[in-house]
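See structure below.
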Number of protein chains: 2
Amino acid sequence: MACEAAFRDELRRRGLRMTLQRELVLSALHQASEPVSAEELHQSIAAQSPNVDLSTVYRTLGLLQELRLVSGYDSAGETRYELLSLHGPHLHLLCQSCGCIEGVPPDDAHGFVSALAERFGFEVQIEQLVIPGLCQRCRERGKVARPPWVRFVDPA
Amino acid sequence: MACEAAFRDELRRRGLRMTLQRELVLSALHQASEPVSAEELHQSIAAQSPNVDLSTVYRTLGLLQELRLVSGYDSAGETRYELLSLHGPHLHLLCQSCGCIEGVPPDDAHGFVSALAERFGFEVQIEQLVIPGLCQRCRERGKVARPPWVRFVDPA
DNA sequence: CTTGCTGCAAATTCTTTGCACTCAC
DNA sequence: GTGAGTGCAAAGAATTTGCAGCAAG
């Protein structure tokens, strides 16, 4: 896996060290098929190596983000992480009803992104972009966005 | 102010009540020139009415969101709230370096939004949309994105 | 051996909740 | 009056930090 090598190299260059825990985090990220929370990552690691602490997972994720190997974005109050190298740069569609996530290539966004650059001088970080909305399935079922309007139901 | 009337009406329709605290929250939102956190709102209310509790601010914000008078989005781990009626529907550019926020009209996004609708059946909630990136100022100064890579500095 | 890294526990931050009392209607 | 709303305090959830011992280079 190329990104383990990249990780190792970058650690060396910075005078940091490769450890079993860091390998485990990276490996667990590889195995994940969709963005995972720190907690989920911790649990999947715990399956084979029960002594890795959650705080170590957080520290490693921070490190991996710094090295631009992993991206994280906020979803419903928790951060979900994902290997960048795995799917290439892309953005996410996050359904506000069911919470499902779809990764989409950035192609469709290019016009939008360059419009923002031209008109506002704003440089979009597309890998960090999360689009809130309703997925097809939920739309068809007449679902409504969840956060934070679920607390009580319209009495009408 | 039209939205206070709207608030009042909607409360009545639901059998809920207008209170001083709710008026204060709404009024503080009006006075805010940019999206505010619950904490900031609480402080600005406290200036004139020190006994309003932070939890009441949260509860009122939840209510206002439900009535679609206020929108909230996540920025750097905290939620920032904003009156919808004040500026009309729009999206936000959030600079990952300085944290500044710019509201932009949704026009530029239309192509993108309809592309997502067509290709993925995804209905974007544009008022909830926060675009991460770098503002012009920070870009010119060669700044780099902040969260969560600020924890240590590149030794190179 | 040196110093970065880890596990553990405690601390922080933002937000929510339980409850008795109060006030809008 | 009655039940919705409030303040207060405590609980929660996600994440961070301090520290002493461990281990990678």
Side-chain angles (χ1 to χ4, degrees), chain A residues 7-26 35-43 45-46 49-67 70 72-81 146-153 155, chain B residues 7-26 35-43 45-46 49-67 70 72-81 146-153 155:
Chain A
F7 191 19
R8 218 175 196 105
D9 290 354
E10 193 56 32
L11 288 175
R12 282 238 169 84
R13 286 214 303 117
R14 300 197 182 208
L16 306 178
R17 294 167 186 177
M18 177 54 92
T19 64
L20 175 58
Q21 290 87 336
R22 288 176 176 170
E23 276 175 9
L24 286 168
V25 170
L26 197 53
V36 286
S37 66
E39 185 62 57
E40 287 163 353
L41 216 45
H42 180 233
Q43 281 176 22
I45 291 169
S49 193
N51 300 327
V52 176
D53 195 77
L54 180 55
S55 66
T56 300
V57 174
Y58 274 111
R59 285 187 273 229
T60 304
L61 285 169
L63 188 52
L64 286 166
Q65 283 184 110
E66 221 177 321
L67 307 189
V70 158
Y73 60 86
D74 209 87
S75 154
E78 67 179 14
T79 309
R80 306 194 76 83
Y81 304 88
R146 182 194 47 182
W149 311 309
V150 191
R151 245 161 315 182
F152 61 77
V153 184
Chain B
F7 191 19
R8 217 173 196 107
D9 289 353
E10 192 57 30
L11 288 175
R12 283 240 167 83
R13 286 214 305 115
R14 300 198 182 209
L16 305 179
R17 295 165 186 178
M18 177 54 93
T19 64
L20 174 58
Q21 291 87 336
R22 286 176 177 170
E23 276 176 10
L24 286 167
V25 170
L26 198 53
V36 287
S37 65
E39 185 63 57
E40 288 163 352
L41 216 45
H42 180 232
Q43 282 176 21
I45 291 169
S49 192
N51 299 328
V52 176
D53 195 76
L54 179 56
S55 66
T56 299
V57 173
Y58 274 111
R59 285 187 273 229
T60 304
L61 285 169
L63 187 53
L64 286 166
Q65 283 184 109
E66 223 178 319
L67 306 189
V70 159
Y73 61 86
D74 209 90
S75 155
E78 67 179 13
T79 309
R80 306 193 78 83
Y81 303 88
R146 182 195 46 180
W149 311 308
V150 191
R151 241 160 318 180
F152 60 78
V153 184

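In what follows, chains carry the letters A, B, and so on, assigned in the order in which the sequence lines appear, proteins first and then strands, with residues in each chain numbered from 1.
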With sugar-phosphate meaning primed atoms plus P, OP1 and OP2, does B:Thr79 contact a base, only sugar-phosphate, or nothing at under 4.0 Å between heavy atoms?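 Sugar-phosphate, no base atom in range.
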Give the rounded distance in Å between these two atoms: [atom1] of [X] and [atom2] of [N].
{"X": "B:Arg8", "N": "D:dG5", "atom1": "CZ", "atom2": "P", "value": "13 Å"}
{"X": "A:Leu41", "N": "D:dA14", "atom1": "CG", "atom2": "P", "value": "14 Å"}
{"X": "B:Arg22", "N": "C:dT22", "atom1": "CZ", "atom2": "P", "value": "19 Å"}
{"X": "A:Asn51", "N": "C:dT6", "atom1": "CG", "atom2": "P", "value": "13 Å"}
{"X": "B:Leu61", "N": "C:dT16", "atom1": "CG", "atom2": "C1'", "value": "13 Å"}
{"X": "B:Tyr58", "N": "C:dT16", "atom1": "OH", "atom2": "C1'", "value": "9 Å"}
{"X": "B:Leu20", "N": "C:dC25", "atom1": "CG", "atom2": "P", "value": "12 Å"}
{"X": "A:Leu11", "N": "D:dA24", "atom1": "CG", "atom2": "C1'", "value": "12 Å"}

If you check the B:Met18 side chain, which of D:dC8, C:dC25, C:dC5 turns out closest?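 That would be C:dC25.
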Nucleotide of C:dT17, D:dG5, C:dT15 approaching B:Arg59 most closely (side-chain heavy atoms):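 For the B:Arg59 side chain, the nearest candidate turns out to be C:dT17.
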OP1 or OP2 of [N] sitting under 4.0 Å from any side-chain N/O of [X]?
{"X": "A:Gln21", "N": "C:dG7", "value": "yes"}
{"X": "B:Thr56", "N": "D:dG7", "value": "yes"}
{"X": "B:Thr19", "N": "C:dC23", "value": "no"}

Using the salt bridge (Lys or Arg N to Asp or Glu O under 4.0 Å) rule, take A:Arg12 and A:Glu10 through it: C-alpha gap first, then chi angles, then the decisive distance, then the call. CA-CA 5 Å; A:Arg12 282 238 169 84; A:Glu10 193 56 32; over 6 Å; no
Look at the side chain of A:Arg17 against the base of C:dT3 and say whether a donor-acceptor pair falls under 3.5 Å; ignore hydrogens and angles.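 Such a pair exists between side chain and base.
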Going by modelled atom types, is there a donor-acceptor pair between the base of C:dG4 and the side chain of A:Arg14 at under 3.5 Å?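 Such a pair does not exist between side chain and base.
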Donor-acceptor under 3.5 Å (A:His42 side chain, A:Val52 main chain):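 It does hold such a pair.
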Would you mind checking if B:Glu66 and B:Arg14 are paired as a salt bridge, meaning a charged N to carboxylate O distance below 4.0 Å?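 Yes, B:Arg14 and B:Glu66 are salt-bridged.
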Strictly below 4.0 Å, N to O, side chains only: are B:Arg8 and B:Glu23 in salt-bridge contact?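 Salt bridge: yes.
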Going by side chain to side chain contact (heavy atoms under 4.5 Å, CB included), A:Val70 matches just one of A:Leu63, A:Leu64, A:Thr60. Which one?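 Checked A:Leu63, A:Leu64, A:Thr60 against A:Val70; only one passes side chain to side chain contact (heavy atoms under 4.5 Å, CB included): A:Leu64.
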Taking the nucleotide of DNA chain C with the nearest heavy atom to each, does B:Arg80 or A:Val52 sit closer to the 5' end?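 First, find each residue's nearest nucleotide; the 5'-ward one identifies A:Val52.
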Reading DNA chain C from 5' onward, which residue's closest nucleotide shows up sooner: B:Leu54 or A:Asp53?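 Closer to the 5' end of DNA chain C: A:Asp53.
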